[in-house]
Amino acid sequence: MSTNGSIPFDISLVVVQKFIMENAEIARIFYEIADLLEVNGENPFRVRSYRNAADVIDGMPESLKTLAQKGEDGLKGIHGIGDSIREKIFELLATGKCGLLEEILKQMPVGILDILRVSGIGPKKAGALYSALGIATLEDLAEAASSGKLRLLDGFGEKTEAKILRSIKSLKAMSGVFKLSLARPYALTLTEYLGKVHGVTACEAAGSVRRWKETAGDIDILAACDNAEVVMERFTTHPDVKDVIAKGAAKSSVMLRVGIQADLRVVDEKCYGAALLYFTGSKAHNVALRDMAKRKGLKINEYGVFSVKGEKWLAGKTEEDVYKAMGLAWIPPELRENKGELIVAQSKKTFRLLEIADLRGDLHCHTSESDGSYSIEDMAFAAMSRGYEYLAITDHSKAVGVAHGLNEERVVAQMERIDAVNAKLKKRGKNFTILKGAEVDIRADGTLDHPDGVLDRLDLAVGAVHSSFNMDIKEMTARIVRAIKSGKIDVLAHPTGRLIGAREPYAVDMEIVMDAAKKHGVALELNSYPDRLDLNDVHCNLAKHKGVMVALSTDSHSVYNFENIIYGVHTARRGWLEKADILNTMPLSALLRHIRARRGL
DNA sequence: GCCGTTTTCGGCCCGACTGTTTTCAGTCG
């Protein structure tokens with residue numbers, strides 16, 4: 001059964017599994033195994049299998065631990081996970097360890113993984129560095145590069161040394177991953193600039209920015225032009241460019257001053273669609289698409305779709321053409337992750353995901369009464385100018401002291417002010433309603449920070465965790481479930497508490513939370529603040545599968561924050577959410593009916 | 001190591017650029 005030095009694992013141990021591992025952790029271990037095997041010169045297809053399994057696990061809405069509870073069959077039938085990797089998942093769940101990884105690490109230091117992050121160093125070079133010079137950490141590598149030892153090795157020269165030193169420096173300065181809200185504006189600036197270059201007929205951002213992934217490693221730009229040289233020249237001399245990494249006739253890469261890499265591809269107008277599809281990715285989507293093409297006797301690359309016999313060009317001018325030639329509906333970029341979109345596209349005419357125009361209001365915002373910057377009226381007019389029908393004012397409760405949280409008296413006073421403003425709006429003939437809400441703190445014991453009497457008088461109660469983030473998963477899950485079971489909250493805000501790149505999500509079992517939310521009719525928020533995006537795309541998809549409504553909100557603290565809804569909308573689309581899955585696509589009357597019914601009124 | 005409309009063996013996506021070579025391996029997306 002077990003090969004290549006992995007410790008034989010007794011599947012009967014599954015019975016006593018401790019369930020200590022989340023999907024992300026298991027995926028990370030398989031990524032590490034793939035990288036290390038590759039450095040070790042293993043069979044590339046074996047390497048790919050581990051990496052592919054990690055991709056699959058990373059994007060799964062169900063947790064492996066839950067599936068494993070169903071016994072040995074619980075993990076069967078997951079595409080990309082066969083007998084060997086399934087066995088290792090059970091082992092990880094039961095023991096928290098992976099014998100194979102431990103075996104590999106006996107022969108190879110863990111620092112190799114850092115070395116692989118250096119630009120220009122792949123598995124082959126990392127392996128050569130380790131076996132020839134014993135280089136095992138970033139520090140070793142920096143030392144060897146600056147002292148000129150690297151150029152003694154075959155395949156390494158002066159330029160490589162300099163490049164390695166530059167890359168180590170920028171790796172240390174940056175985590176290497178940028179929030180979408182940082183990458184996207186740069187992508188838009190560059191595409192607008194290049195779009196104006198004479199002869200450019202189309203130019204747009206591709207890659208993870210176009211797929212609206214929450215973080216981007218770099219910016220990919222595609223342009224159609226018959227004079228690539230001019231476009232490349234303009235690109236590499238843009239004032240935001242710090243370094244030119246590569247410059248060719250079809251492809252160039254630059255490092256921007258802000259520290260993010262941008263790549264430009266220039267193609268002929270005739271194959272713009274094929275190239276756009278190709279460079280939008282994801283990689284997993286492309287691989288699956290090519291595989292599908294092959295089975296149909298076609299070949300697909302960035303230049304178009306070709307018949308294998310005779311290499312006849314069939315399509316490529318637009319993405320629609322390419323998908324059509326494959327017998328598929330056009331797939332929205334947000335779905336291109338090889339998570340079933342290709343199968344659905346075979347039987348669909350069009351995908352109907354959530355659109356920003358479907359939204360009727362916002363259900364989470366703050367005023368200057370707590371930690372916001374504007375008045376009730378200011379926030380209401382900002383929401384109105386977006387075409388909304390309603391806005392819930394949800395200031396913090398007293399437990400959130402740093403945010404000047406409101407006590408019972410202040411909430412009651414605020415409700416009276418909202419009534420007065422609503423009356424004024426009605427008098428002026430505005431078809432707009434401010435909902436009386438609160439973001440009530442869920443205390444460490446799961447009780448709520450406003451008395452029931454206050455919560456019952458609100459139009460909308462949003463519950464949220466703001467403290468004691470370090471509880472273990474059992475305590476935190478019980479805390480949140482208790483708040484849901486109280487029957488006093490209508491929405492659970494930012495359900496995992498994460499801040500992208502700054503704070504890990506707290507330990508919480510989202511499946512248990514969602515089951516409770518479903519039972520008690522509580523919606524889970526997708527907080528659109530670009531640092532949060534919480535629920536994330538995978539959790540949105542889980543909510544859809546479990547039939548839990550999602551409240552799409554901005555958590556605006558200023559009149560300008562309502563713009564952030566765009567990040568939430570596209571995250572929801574990445575989770576396959578449609579209009580009917582979102583609470584605030586309901587018109588006001590339906591929303592109020594829904595909340596009353598939930599409260600049993 | 002995984003998978004199957006080529007189904008239990010044999011294949012697994014593909015092209016551009018760089019730095020090192022002197023025709024190409026390695027890296028990257």
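Note that the coordinates shown come from a computational prediction; the quantities given were computed from them, not determined experimentally. Below, chain A is the first sequence line, B the second, and so on; all start at residue 1.
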Inset, instruction - Give a yes/no answer on whether the side chain of Thr160(A) brings an N or O atom under 4.0 Å of OP1 or OP2 in dT20(B). - result: yes
Inset, instruction - Could you check whether Pro44(A) gets within reach of a base, just the sugar-phosphate, or nothing at all, counting any heavy atom under 4.0 Å? - result: nothing
Inset, instruction - Examine Lys312(A) relative to Phe306(A) and say whether NZ or CZ is less than 6.0 Å from the centre of the six-membered ring and inside a 45° cone about the ring axis. - result: no
Inset, instruction - Please state the C1' separation for the pair dG11(B) and dC17(B) - nearest whole angstrom. - result: 28 Å
Legend entry - P gap between dT22(B) and dA16(B), integer Å: 24 Å
Legend entry - Presence of salt bridge, Glu214(A) and Arg498(A), under 4.0 angstrom: yes
Legend entry - Gap in Å between the two C1' atoms, one belonging to dG29(B) and one to dC13(B), rounded: 12 Å
Legend entry - Given dC28(B), dT27(B), dG4(B), the nucleotide with the shortest approach to the side chain of Lys251(A): dC28(B)
Inset, instruction - Answer with base, sugar-phosphate or nothing: what part of the nucleic acid does Lys163(A) contact at a heavy-atom distance below 4.0 Å? - result: nothing
Inset, instruction - Have a look at Val118(A) and say if it touches a base, only the backbone sugar-phosphate, or nothing, with a 4.0 Å heavy-atom cut-off. - result: sugar-phosphate
Inset, instruction - Measure from the side chain of Val287(A), starting at C-beta and using heavy atoms only, and say which of dC13(B), dT18(B), dC3(B) lies closest. - result: dC13(B)
Inset, instruction - Could you check how far CG of Asp291(A) sits from C1' of dC14(B), rounded to whole Å? - result: 13 Å
Legend entry - Nucleotide of dC2(B), dG29(B), dG26(B) approaching Ser84(A) most closely (side-chain heavy atoms): dC2(B)
Inset, instruction - Please determine if Arg573(A) and Glu334(A) form a salt bridge, counting it only when a charged side-chain N lies under 4.0 Å from a carboxylate O. - result: yes
Legend entry - Phe279(A) CZ - dC14(B) P separation (whole Å): 15 Å
Inset, instruction - Give the nucleotide from the list dG1(B), dG15(B), dT27(B) with an atom nearest to the side chain of Pro123(A). - result: dT27(B)
Legend entry - Arg336(A)/Glu319(A) salt bridge by N-O under 4.0 Å criterion: yes
Inset, instruction - Report the residue (Glu158(A) or Gly82(A)) whose heavy-atom-nearest nucleotide on DNA chain B is the more 5′ of the two. - result: Gly82(A)
Legend entry - Sugar-phosphate only, base, or nothing, as touched by Ile300(A) at under 4.0 Å among non-hydrogen atoms: nothing
Inset, instruction - Indicate, with a heavy-atom threshold strictly under 4.0 Å, whether Asn286(A) touches base, sugar-phosphate, or nothing. - result: nothing
Inset, instruction - Pick the P atom in dT8(B) and in dC3(B), then give their distance to the nearest Å. - result: 16 Å
Inset, instruction - Indicate the ring-plane relationship of Trp212(A) and His570(A), choosing parallel, tilted or perpendicular according to the 30° and 60° boundaries. - result: parallel
Legend entry - Lys299(A) vs dG15(B): side-chain N/O to OP1/OP2 distance below 4.0 Å: yes
Inset, instruction - Under 4.0 Å between any heavy atoms, over every strand shown, what does Ala293(A) touch: base, sugar-phosphate, or nothing? Just pick one. - result: nothing
Legend entry - Distance, rounded to the nearest Å, where Leu116(A) contributes CG and dG26(B) contributes P: 15 Å
Inset, instruction - Provide the distance between the two P atoms, one in dG4(B) and one in dG15(B), to the nearest whole Å. - result: 25 Å
Inset, instruction - Just compare dC12(B), dT18(B), dG29(B) and give me whichever is closest to any side-chain atom of Phe45(A). - result: dC12(B)
Inset, instruction - For Arg295(A) and for Arg48(A), locate the closest nucleotide of DNA chain B by heavy-atom distance; then report the residue assigned to the nucleotide nearer the 5' terminus. - result: Arg295(A)
Inset, instruction - Using the P atom on both, measure dC12(B) against dT6(B) and round to a whole Å. - result: 14 Å
Legend entry - Same-atom distance (C1') from dT21(B) to dA25(B), integer angstrom: 10 Å
Inset, instruction - Indicate yes or no: does Arg51(A) engage Asp55(A) in a salt bridge with an N to O separation below 4.0 Å. - result: no
Inset, instruction - Please state how far atom NE2 in His79(A) lies from atom C1' in dT7(B), giving the value in whole angstrom units. - result: 14 Å
Inset, instruction - Indicate, with a heavy-atom threshold strictly under 4.0 Å, whether Ile81(A) touches base, sugar-phosphate, or nothing. - result: sugar-phosphate
Legend entry - Between P of dG1(B) and CD1 of Ile89(A), the distance in whole Å: 13 Å
Legend entry - Side-chain N or O of Lys247(A) closer than 4.0 Å to phosphate OP1/OP2 of dT18(B): no
Inset, instruction - Using a heavy-atom cut-off of under 4.0 Å over every strand shown, decide if Arg265(A) touches base, sugar-phosphate, or nothing. - result: sugar-phosphate
Inset, instruction - Look at Arg46(A) and dG1(B) and indicate whether a side-chain polar atom (N or O) is within less than 4.0 Å of OP1 or OP2. - result: yes
Legend entry - Strand partner of dT8(B), provided both Watson-Crick or wobble distances fall under 3.5 Å: none
Inset, instruction - Compare the minimum distances between each of dC17(B), dC14(B), dC12(B) and the side chain of Lys294(A), then state the nucleotide with the smallest one. - result: dC12(B)
Legend entry - Lys179(A) with Asp531(A): basic N within carboxylate O range, under 4.0 Å: yes
Inset, instruction - Would you mind reading off the distance between Arg51(A) atom CZ and dG1(B) atom C1', rounded to a whole angstrom? - result: 13 Å
Legend entry - Atom-pair distance (NZ on Lys159(A); P on dT18(B)), nearest Å: 9 Å
Inset, instruction - Would you classify Glu161(A) as touching base, sugar-phosphate or nothing, given that sugar-phosphate means primed atoms plus P, OP1 and OP2, and contacts are heavy atoms under 4.0 Å? - result: nothing
Inset, instruction - Would you mind reading off the distance between Glu42(A) atom CD and dC2(B) atom C1', rounded to a whole angstrom? - result: 15 Å
Inset, instruction - Give a yes or no on whether a salt bridge exists between Lys76(A) and Asp73(A), defined as a side-chain N under 4.0 angstrom from a carboxylate O. - result: yes
Inset, instruction - Choose from dC3(B), dG29(B), dC14(B) the nucleotide whose nearest atom is closest to any side-chain atom of Arg290(A). - result: dC14(B)
Inset, instruction - Name the nucleic acid region contacted by Ile78(A), choosing base, sugar-phosphate or nothing; use a 4.0 angstrom heavy-atom cut-off, strictly under. - result: sugar-phosphate
Legend entry - From dG29(B), dG26(B), dA16(B), nucleotide with atom closest to Ala250(A) side chain: dA16(B)
Inset, instruction - May I ask you to say whether Asp114(A) pairs ionically with Arg117(A), meaning some side-chain N is under 4.0 Å from a carboxylate O? - result: yes
Inset, instruction - Look at the side chain of Asn43(A) and the base of dG1(B), then say whether one donor and one acceptor between them are separated by less than 3.5 Å. - result: yes
Inset, instruction - With C1' as the reference atom in both, quote the distance from dT27(B) to dT20(B) in angstrom, rounded to an integer. - result: 13 Å
Inset, instruction - Give one of base, sugar-phosphate or nothing for Tyr303(A), where a contact means two heavy atoms less than 4.0 Å apart. - result: sugar-phosphate
